[in-house]
Amino acid sequence: MLNCSETNVSTNPCRCGFYPDRNKCDCTEREVRKYLQKISGPILDRMDLCVYMNPVSYWELKDERQQESSEEIRVRVNIAAAIQRKRYANEKIHYNSQLQGVMIEKYCKLQKEEEGIVKDIFEKMELSVRAYEKLLKVSRTIADLKEKEKISIEELAEAVSYKMIGKGGNV
């Protein structure tokens, strides 16, 4: 199942719905790409996150390895929200998602190496301005969740992984 945020859209990744499980999916790579191309580019641009949700096996449910609890996640999210409210105290916004125009450049400032990587991503994935700005805002949010002042390559890579569907990346 493919879940895309902002509009809470869910869709199958192919006509049969089983991609990338090659034991169940018999769609060709071309068919999968064609199926995903039916989702309008401008609609995809408006989605901050597009994530493929892998099916969970019974044994994964029973796996007793320590997972981050909902309470721990809630604490991290609240800390990130507080960081953002403090950062934007002198602005007319409260959260990264509200950044626009020059404010994106001001608050999502990248170092030289990260700037070069974003340039390559922008060109290779043929991002629109909207998708580029969302990539920066999502990277800023990921850094906030980690309580990091600067956006690093790690945060950019994670944000890009959420934009891979339908944007020249892997299906």
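These numbers come from the heavy atoms of this one structure, side chains and all, not from hydrogens, waters or symmetry mates. For the single chain, residues carry numbers from 1 onward in sequence order.
- Within the model, atoms CD of E71 and CZ of R76 stand 12.5 Å from one another, a figure rounded to the nearest 0.5 Å.
- Counting only N and O atoms by type, the side chains of Y107 and E91 include a donor and acceptor under 3.5 Å apart.
- Between Y162 and I142, some side-chain heavy-atom pair lies under the 4.5 Å cut-off.
- Within a 6.0 Å radius of CD in Q100, other residues, nucleotides and ligands contribute 12 heavy atoms or fewer.
- Counting only heavy atoms from C-beta outward, the side chains of C27 and R15 approach each other to under 4.5 Å.
- When hydrophobic clusters are built by joining Ile, Leu, Val, Met, Phe, Trp and Tyr residues whose side-chain heavy atoms come closer than 4.5 Å, directly or via intermediates, I83 is not grouped with V138.
- Here the closest non-hydrogen pair linking D26 and E31 is O-OE1, 4.2 Å.
- Here salt bridge (charged side-chain N to carboxylate O under 4.0 Å, His left out) pairs that include residues 109-121, with residues two or more places apart or in two chains, are K119-E123.
- When all heavy atoms of L135 and L156 are compared, the pair lying nearest together is CD1-O, 4.3 Å.
- The OG atom of S97 sits 13.5 Å away from atom CZ of R140, with the distance rounded to the nearest 0.5 Å.
- For the residue pair N96 and K137, the shortest heavy atom distance occurs at O-CD, 3.1 Å.
- Within a 6.0 Å sphere centred on NZ of K150, other residues, nucleotides and ligands contribute 12 heavy atoms or fewer.
- Nearest heavy-atom pair, L136 versus C108, reported as atom, atom and distance to 0.1 Å: O-SG, 3.7 Å.
- Across Q84, R85, K86, a single residue satisfies side-chain contact (heavy atoms from CB on, under 4.5 Å) together with H94, and that is R85.
- Note: E105 CD to E133 CD = 8.0 Å, rounded to the nearest 0.5 Å.
- Listed here is the closest heavy atom pair of A80 and L145: CB-CD2, 3.7 Å.
- Counted within 6.0 Å of CD on E149, heavy atoms from surrounding residues, nucleotides or ligands total 12 or fewer; the atom is thus considered open.
- Under the 4.5 Å side-chain heavy-atom criterion for ILVMFWY residues, a single connected hydrophobic cluster contains both F122 and I117.
- Nearest heavy-atom pair across E147 and I79 is CD-CG2, 3.7 Å.
- Within 6.0 Å of atom CZ in R22, more than 12 heavy atoms from other residues, nucleotides or ligands are found, so the atom counts as buried in its surroundings.
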Trace of the side-chain hydrogen bond (donor to acceptor under 3.5 Å, both in side chains) decision for S152 with E155: CA-CA 5 Å; S152 72; E155 288 79 43; 2.4 Å; yes
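- Criterion: ILVMFWY side-chain heavy atoms under 4.5 Å apart, direct or through other members. Under it, Y132 and M103 are part of a common hydrophobic cluster.
- By the rule that hydrophobic residues join a cluster once side-chain heavy atoms approach within less than 4.5 Å of another member, I153 and V118 end up as members of one cluster.
- There is no path of hydrophobic side-chain contacts, each under 4.5 Å, that joins L99 to Y95.
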